[in-house]
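Whatever order the structure lists ligands and atoms in, that order sets their numbers, starting from 1.
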Amino acid sequence: RESTSTFDTRVGETLSIMPPRTRTSSRTPSKASSSAKSPAKTRSRQAAKPKASARVKTAPVTPTAPAAAMHYEFGGPIGAAAITLVLPLVCYFLVYACNEDGCAAVGDVARRGLASLPGFPKSMPLFDAQGAVMALGWMAFTIIAHVALPGIEKQGVVLPDGSRLTYKLNGFRVFVATCVVGAIGTHAGVIDLTLVHEKFLSMLTAMIVFSYALSTYLYASSFGRGKMLAKGGDSGNAAYDYFIGRELNPRLLNGKFDLKVFCELTPGLIGWLLLDLGFAAKEYATFGAVSPAMALVCAFQGAYVIDALWNEPAILTTMDVTTDGFGFMLAFGDLVWVPFTYSLQCRYILEHPQALSNAHLALVLLVQCVGYAIFRGANSQKNLFRTNPNDPRVAHLKTLQTKRGTKLIVSGWWGICRHINYLGDWIMAWAWCLPCGFSHVVPYFYVIYFGILLAHRDARDGEACEEKYGADWVRYCAIVKYRL
Ligand code: NDP
């Protein structure tokens, strides 16, 4: 993921903070905007003190007026509770509906309903100790590697209380360590990556339980003293806050281990690639070769993961890190949803071998190249512009000066539509699904779901920008009319 916010560079800006709800030391940030979203009528108005150890104070803090009503997302408490319960079932359903015993066909499902689905394969237990050890062992390995390996130190954006956190970033190094340990372990016969297929469901079960446990810990610990709460995650409704995440930056080890940023990039993303490679290894062990379809999906998704790890500092300015709390939404998304649903295409190709024509493979490559050119071109253009607007590669771009101090690009990639980078990402999603052929719709789950996610994310970012930029955002939208 990439982001180009310059929020972090505007040192000295006056920020506002919504102080403790009652006498507890919980803090809820809020902006002095008509659309601020906290149910803060009962809150007192004293500025909260930053937790000094890991933060650098950079801006004065000004109390602001309480907001009138909570702005709920995801269908409010009922929607959040439903998503919390349903998402794990969707992960199971994708195996129930499509596996080595068969795959749901739209016509059959319409005629015979659930009876037409293959059900869980006997070769994949829903739970077994070895699968649990593999999944939790992977979590333990990434935690140890993250703590033990050196990393680069980067400062995050200015927080609502004017402080900034320092982050240790070493996701790419953990990835390299994983490759080294994986290669040595495989050579020595200690690691057998092909096992991930047989243990897929039991690893899934273990990680679902782990993510519920982690979310419960995160929710409970957010009530501790001196916690900075996410603006959207402190509604007072337990189901909603559990899902969205109450605490903005939960940390362990005396403030040195940032749980959210660690989970965002390291265990889930690298785990996703390991699942892909496990399916490729199983294909090789079963058929004596890795098919071009499998090779393409592994290569595309591998490049995406490595790109994200290489550009790790960019995570610090994403909405996930700057705005959202750390709760079930991100914990489950990072640790379960991404690895176990994004690897579906590789699992499908293993279970339903695809003999693709050269024309089909060429089309897939073309789609990937087009998607990547847009994704990388747009993200790099914005990153470059936000980092150094005088760079000759972006200095010619037309811009809109905002009262907030920053400029919005209105030509080049960003003049075409407001989230051209999402469009590129979505086109790449097609390239990751097209190698699965056209016999079944289930392997196209990713492209369908991702389209919905990006449309929703575009709406959330639009709201956030409207709040940040006010009338300037309205002017911007009049110039750049299209969203995606
Ligand atoms: P963006 O990188 O699009 O960042 C949005 C921010 O960019 C805005 O809040 C605004 O912040 C700034 N901005 C918006 N328009 C302009 C403009 N015209 N000129 C200058 N700055 C502008 O969003 P994300 O962080 O959501 O996504 C980053 C990448 O990650 C995308 O390519 C996306 O596809 C990918 N992604 C992938 C996911 C996955 O699961 N695979 C999930 C989510 C995202 P400001 O003005 O404050 O700088």
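For atom 40 (O) of ligand 1, the nearest non-hydrogen atom from the set W272, Y342, W414 comes from Y342. For atom 1 (P) of ligand 1, the nearest non-hydrogen atom from the set D461, L423, N421 belongs to N421. Summarising the contacts of atom 19 (N) of ligand 1 with L397, I409, L453, D425, the nearest heavy atom is found in I409. When the options Y422, W473, Y446 are ranked by their closest heavy atom to atom 23 (O) of ligand 1, first place goes to Y422. Residue R386 holds the heavy atom nearest to atom 48 (O) of ligand 1 of all those in R418, R404, R386.
An N or O contact shorter than 3.5 Å links K382 to ligand 1 by distance. The shortest N/O to N/O separation between K407 and ligand 1 does not fall below 3.5 Å.
The shortest separation from a heavy atom of Y476 to ligand 1 is under 4.0 Å, placing the residue in contact. Residue contact annotation: F450 has a non-hydrogen atom under 4.0 Å from ligand 1. Residue C465 places a heavy atom under 4.0 Å from ligand 1. The shortest separation from a heavy atom of T406 to ligand 1 is not under 4.0 Å, leaving the residue out of contact.
Other residues, nucleotides and ligands contribute over 12 non-hydrogen atoms within 6.0 Å of the CD1 atom of I152. Shown here is K168, whose NZ atom has more than 12 heavy atoms of other residues, nucleotides or ligands within 6.0 Å.
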With salt bridge (charged side-chain N to carboxylate O under 4.0 Å, His left out) as the criterion, how do R457 and D425 come out once you've worked through the C-alpha distance, each side chain's angles and the decisive distance to 0.1 Å?
CA-CA 13 Å; R457 201 173 168 92; D425 213 343; over 6 Å; no
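Within the 4.0 Å heavy-atom criterion, neither part of F385 lies near ligand 1.
The shortest side-chain heavy-atom distance between F74 and M329 falls under the 4.5 Å cut-off.
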